[in-house]
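Protein chains get the first letters and strands the later ones, always in sequence-line order, with residue 1 at the start of each. Owing to the predicted nature of the structure, the values given are computational and were not obtained by experimental measurement.
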There are 2 protein chains.
Amino acid sequence: MKRISFADTRCSLAQSLDMIGEWWTLLIIREAYFGTRRFSDFQSHLGIARNVLAERLERLVANDILQRVPVSPGSKRAHYRLTEKGRDLVTVVIALVQWGDRWVMGPENAPVRMVDRATGEDIDTVQVRAKDGRPLGLHDIGLEPGPGADDAIRDRFSEAITDTGAVRWRIRRHMAA
Amino acid sequence: MKRISFADTRCSLAQSLDMIGEWWTLLIIREAYFGTRRFSDFQSHLGIARNVLAERLERLVANDILQRVPVSPGSKRAHYRLTEKGRDLVTVVIALVQWGDRWVMGPENAPVRMVDRATGEDIDTVQVRAKDGRPLGLHDIGLEPGPGADDAIRDRFSEAITDTGAVRWRIRRHMAA
DNA sequence: ATTTTTGGTTGCGAAAAGCAACTTAATAGT
DNA sequence: ACTATTAAGTTGCTTTTCGCAACCAAAAAT
């Protein structure tokens, strides 16, 4: 299939998806987070085709999400480890795992538990919060053009908020009349 | 391409990705969160091919992430709105947008700002926390087999944690010797 | 009543994902 | 030291899905 790249789109989500939105990529990252380093282990744990795995790893390394570390200096064989940028993605992975636990598997069928190692307790549900720590629902979040907004984006946002908490844009053709 | 389905995999992340991991799907959800309801608006805002959009919407409705609402009772035309399950995904979308802002666009180029409507302040960075609110780094999170774990998963987890905070599994063939 | 818009569907070509066999370099065994 | 095995990919082929553009029917507007 001809697949569009979002690389030139002015949108953080599109940019992110351009790096990690492909089939398998997020599972590879989770696997790396679980401690997998070796090509064969990624392959056997995930059941991914080897050529696809090779391509994904290469892309993740190119995007500085994984780091390719020679297994011994000068060796052609290497291991793959998460970079800082990659480790920062684990938040997203965990949010998605928790969503799956809540809505698909059911919490009582969650295959893995994530615990706070200090207390042994389950970690909290990842959620959106205000700076002071208050959990925010969708209604509590406002959207505005950011510092890097272009006209297209600025056009879409007004102060008006719909009942789902999202932004309603001005219907210009009707306002002109 | 022949694409594997994760639907029968015993893994929340795979299950989640089976629903939302396809090309475009998360952008459609973001768009719905921004308030878009109509087919044509999804199409023109995202620039997605119409047949692909139709397929994605159908799949999202089948998975109860979007709801198809007839525009007037009995009409064949419909609008699409996020369900509760879909709205719960916005956390993931926001986490991913923030990651893109941090690592790809750069915070100063963020095209949209998300603010706490009560205060007008930027929302906090989505992060993993303990039940008592402490932010947790990767090292602070322990992984254990959950209530729905099967043998394959149980085999992979031990109490040993590597320096990246992830789990190291027992190397059984060496232990047997 | 006729035109325009909306919400799709159909058909085609291209590129990506799956499968399996092959290759080459590093390790292990004797 | 020599051979066997494993690890880490690569190559070639097939299948499936995505992107594009044209088409179609129902609803709305004029």
Centroid-centroid under 6.0 Å between A:W23 and B:F6 rings: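 Yes: the rings meet the under 6.0 Å criterion.
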Under 4.0 Å, counting only non-hydrogen atoms across every strand here, what does [X] touch: a base, just sugar-phosphate, or nothing?
X: B:E55; value: sugar-phosphate
X: A:Y80; value: sugar-phosphate
X: B:L53; value: nothing
X: A:I4; value: sugar-phosphate

Find the distance [X]:[atom1] to [N]:[atom2] and express it as a whole number of Å.
X: B:F39; N: D:dA27; atom1: CZ; atom2: C1'; value: 16 Å
X: B:D41; N: C:dT6; atom1: CG; atom2: C1'; value: 10 Å
X: B:L57; N: C:dT6; atom1: CG; atom2: C1'; value: 14 Å
X: A:E58; N: C:dA16; atom1: CD; atom2: P; value: 13 Å
X: B:Q43; N: D:dA22; atom1: CD; atom2: P; value: 14 Å
X: B:R77; N: C:dT6; atom1: CZ; atom2: P; value: 8 Å
X: B:K76; N: D:dC24; atom1: NZ; atom2: P; value: 16 Å
X: B:R56; N: C:dG7; atom1: CZ; atom2: C1'; value: 18 Å

Taking only side-chain nitrogens and oxygens of [X], does any of them come within less than 4.0 Å of OP1 or OP2 of [N]?
X: B:R68; N: C:dG8; result: yes
X: B:W23; N: C:dA16; result: no
X: A:R50; N: C:dA20; result: no

B:K131 and A:E121 ion-paired at < 4.0 Å: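 Answer for the salt bridge query: no.
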Heavy-atom side-chain proximity of A:M105 to A:P111 below 4.5 angstrom: yes
Student check: side-chain heavy atoms of B:W103 and A:D64 closer than 4.5 Å: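 B:W103 does not reach A:D64 side chain to side chain.
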Comparing A:N51 and B:N51 on DNA chain D - which has the more 5′ nearest nucleotide: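 Here A:N51 is the residue nearer the 5' end.
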ILVMFWY network linking A:V115 to A:Y33, side-chain heavy atoms under 4.5 angstrom: no
5'-most by nearest nucleotide on DNA chain C - A:A49 or A:K2: A:K2
